[in-house]
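The structure appears right after this line, and notes come after that.
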Amino acid sequence: MTLEQAIQAVRPPCETSRAAARQRFSDIAMPLGSLGLLQDAVAQLAAIRRTPRPSIGKRAVVMFCADNGVVAQGVTQCGQEVTATVTENMGRGQSTVCLMAQHIGMDSFPVDIGVARDVQGESILRRKVRYGTADMTRESAMTRDEAVRAVEVGIELAEWCAAEGYDLLCGGEMGIGNTTTSAAVTAALTGAPVETVTGRGAGLSTEGLARKVRAIETALALHQPDPDDPIDVLHKVGGLDIAGLAGLYLGAAACGLPAVLDGVISCAAALIAVRLCPAVRGYLIAGHSSEEPAGKLLLDELGLHPFISAGMRLGEGTGAVAAVALLDLVLAAYDGMPSFAEVGIEAYQPQV
């Protein structure tokens with residue numbers, strides 16, 4: 001699907017299935033609402049999959065790997081070469097997210113959408129749009145056409161996962177400098193002050209944080225990205241990983257698949273997807289609340305409520321994978337618990 005075709009394909013989730021899932025939770029032998037936001041997530045899965053008994057048995061995390069030219073401005077603690085190294089580790093199944101995914105029976109697919117050099121590894125999906133973005137403090141991060149192409153890479157991969165029978169997708173990323181681009185995207189889309197949405201990323205010093213804020217402010221002042229045009233924001237101050245993630249979420253919605261969000265970079269991409277097609281929001285599940293300053297702001301913009309608050313900030317998709325493990329647990333109860341009637345207990349009633 002093209003970008004426009006994907007936007008046109010998204011339809012609202014099934015409210016009849018959502019209501020049936022909520023009724024199932026009321027009927028099984030546990031106190032009303034006792035699993036909190038996890039119950040809401042199961043009801044949302046039911047609405048997305050259009051069945052009161054959704055399955056997430058076959059699931060995948062897709063990790064978009066790309067470099068960001070803005071690292072030239074000293075906004076990171078480590079060098080750009082780390083992106084390629086971690087991408088190759090992902091290809092061997094040796095990164096944190098891959099090991100976590102393997103433990104819960106989830107497939108993981110690293111995608112080279114824009115690493116600055118060619119990477120080695122047979123299991124890495126080759127979808128390179130360009131060899132890293134340009135330094136956004138000097139020129140646009142990428143062309144508009146490249147931004148659209150990167151979004152369409154994500155859409156294509158969501159379509160492929162749907163065709164392969166996956167029930168649920170998680171998005172992940174790897175790219176040194178991408179907390180800088182995600183902060184720039186957040187500021188551009190929301191109008192929030194740069195200093196309030198910019199964090200220390202992977203352990204920046206106070207001086208490094210100041211450089212990071214200045215770099216974002218410089219890029220925004222230079223390019224004046226249009227908040228009403230998400231592709232304009234992406235191509236001027238975004239990253240190829242963010243674009244790919246945005247496409248994955250849009251494509252998942254177009255294919256009727258739930259997408260579990262990760263941290264701040266994932267949420268910035270999700271806001272791009274929702275601004276492109278507001279109906280995408282109904283297909284997004286917030287896995288956790290990132291420690292990055294923009295994390296809560298982005299979740300509020302999306303109107304989503306995460307069910308993990310653990311101080312996580314690794315990225316890669318790790319928070320999303322952890323959330324899937326919790327969904328497994330609540331679905332075990334949802335599918336297996338007897339009803340109040342079956343155990344001979346009077347059902348709980350809402351109290352006023």
Side-chain angles (χ1 to χ4, degrees), residues 1-7 59-69 80-93 95 97-98 101 106-134 141-164 166 169-178 181-182 185 230-231 234-235 238-255 257 259 262 265-266 268-270 272-273 276 315-317 320:
M1 282 182 282
T2 65
L3 172 57
E4 290 304 319
Q5 287 171 333
I7 290 171
R59 57 282 188 99
V61 55
V62 183
M63 302 92 72
F64 294 90
C65 306
D67 276 301
N68 301 282
Q80 182 171 266
E81 68 279 357
V82 172
T83 300
T85 299
V86 176
T87 301
E88 291 174 339
N89 285 343
M90 287 177 169
R92 291 187 289 267
S95 78
V97 70
C98 296
M106 174 182 282
D107 295 328
S108 56
F109 300 111
V111 182
D112 176 7
I113 195 171
V115 182
R117 69 164 172 83
D118 291 325
V119 290
Q120 305 302 312
E122 291 184 3
S123 65
I124 299 170
L125 301 181
R126 316 291 172 167
R127 300 293 190 279
K128 197 188 296 285
V129 173
R130 57 179 285 167
Y131 287 85
T133 57
M142 63 190 101
T143 68
R144 188 179 181 93
D145 284 348
E146 287 169 339
V148 171
R149 281 171 52 204
V151 171
E152 290 180 342
V153 166
I155 294 169
E156 173 222 328
L157 291 171
E159 286 188 280
W160 176 74
C161 287
E164 291 294 313
Y166 286 94
L169 299 180
C170 295
E173 39 62 40
M174 176 59 215
I176 299 302
N178 62 8
T181 53
S182 60
V185 166
I231 299 299
L234 263 180
H235 100 79
L240 292 158
D241 52 349
I242 296 173
L245 280 167
L248 185 78
Y249 301 141
L250 177 54
C255 295
L257 295 179
D262 191 44
I265 296 148
S266 169
I272 291 281
L276 286 167
E316 295 187 12

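Heads up: numbering here begins at 1 and tracks the sequence. Just so you know, these numbers use all the heavy atoms, side chains as well, and skip hydrogens, waters and symmetry mates.
When all heavy atoms are compared, the tightest approach of C161 to V62 is SG-CG2, 4.3 Å. Taking all atoms of both residues into account, the shortest heavy-atom contact from I113 to A150 is CD1-O, 3.8 Å. Counting all heavy atoms, side chain and backbone alike, E173 lies closest to G315 at OE2-CA, 3.5 Å. For the pair A66 and L240, the tightest heavy-atom approach, listed with the atom from each and the gap, is CB-CB, 3.8 Å. Heavy atoms only, all atoms of each residue included: A60 and M106 are closest at CA-CG, 3.8 Å. A147 and A243 make their closest contact through O-CB, 4.1 Å (heavy atoms, listed as atom of the first residue, atom of the second, distance).
A heavy-atom distance below 4.5 Å is not found between the side chains of M174 and M63. In this structure, D118 and Y131 have side chains that are in contact, with non-hydrogen atoms separated by less than 4.5 Å. In this structure, V115 and K128 have side chains that are in contact, with non-hydrogen atoms separated by less than 4.5 Å. Counting heavy atoms from C-beta outward, I242 and S182 have side chains that approach closer than 4.5 Å.
Applying the salt bridge (charged side-chain N to carboxylate O under 4.0 Å, His left out) rule to R149 yields no partners; only residues at least two apart in sequence or on another chain are considered. Remark: E88 pairs with R117 by the side chain to side chain donor-acceptor pair (under 3.5 Å) rule, at least two apart or across chains. Under the side chain to side chain donor-acceptor pair (under 3.5 Å) criterion, T83 pairs with D67, sequence neighbours left out. Residues that satisfy the side chain to side chain donor-acceptor pair (under 3.5 Å) test with R130, not counting sequence neighbours, are E146. By the side chain to side chain donor-acceptor pair (under 3.5 Å) test, T2 is found to be paired with Q5, residues two or more places apart in sequence or in another chain being considered.
D262 places a side-chain N or O within donor-acceptor distance of the main-chain N or O of A320, the cut-off being under 3.5 Å. R92 places no side-chain N or O within donor-acceptor distance of the main-chain N or O of S123, the cut-off being under 3.5 Å. For the pair E316 (side chain) and V97 (backbone), a donor-acceptor distance under 3.5 Å is present. Looking at D112, its side chain does come within 3.5 Å of a backbone N or O of G114 through a donor-acceptor pair. Between the side chain of T133 and the backbone N or O of G69 there is at least one donor-acceptor pair closer than 3.5 Å. A donor-acceptor pair under 3.5 Å is formed between the side chain of N68 and the backbone N or O of I176.
Distance check, rounded to the nearest 0.5 Å: CD of E159 to CD of E152 gives 10.0 Å. One finds the SG atom of C98 at 6.0 Å from the CE atom of M90 (value rounded to the nearest 0.5 Å). Expressed to the nearest 0.5 Å, how far CG of D107 lies from CZ of R59 amounts to 9.5 Å. From F109, atom CZ reaches atom CD of E164 across 7.5 Å, with rounding to the nearest 0.5 Å. Interatomic distance, N178 CG to D241 CG, rounded to the nearest 0.5 Å: 5.0 Å. Between the CE atom in M142 and the CG atom in L234 there is a gap of 6.0 Å [rounded to 0.5 Å].
Aromatic ring pairs are classed by plane angle as parallel below 30°, tilted from 30° to 60° and perpendicular above 60°; the pair W160 and Y166 is tilted.
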Under the side chain to side chain contact (heavy atoms under 4.5 Å, CB included) criterion, do R144 and I231 qualify, and how do the steps go? CA-CA 7 Å; R144 188 179 181 93; I231 299 299; 3.7 Å; yes
Can you give each donor-acceptor pair under 3.5 Å made by side-chain atoms of residues 245-253, sequence neighbours left out, with the distance rounded to 0.1 Å?
unit_1, atom_1, unit_2, atom_2, d
Y249, OH, S266, OG, 2.6

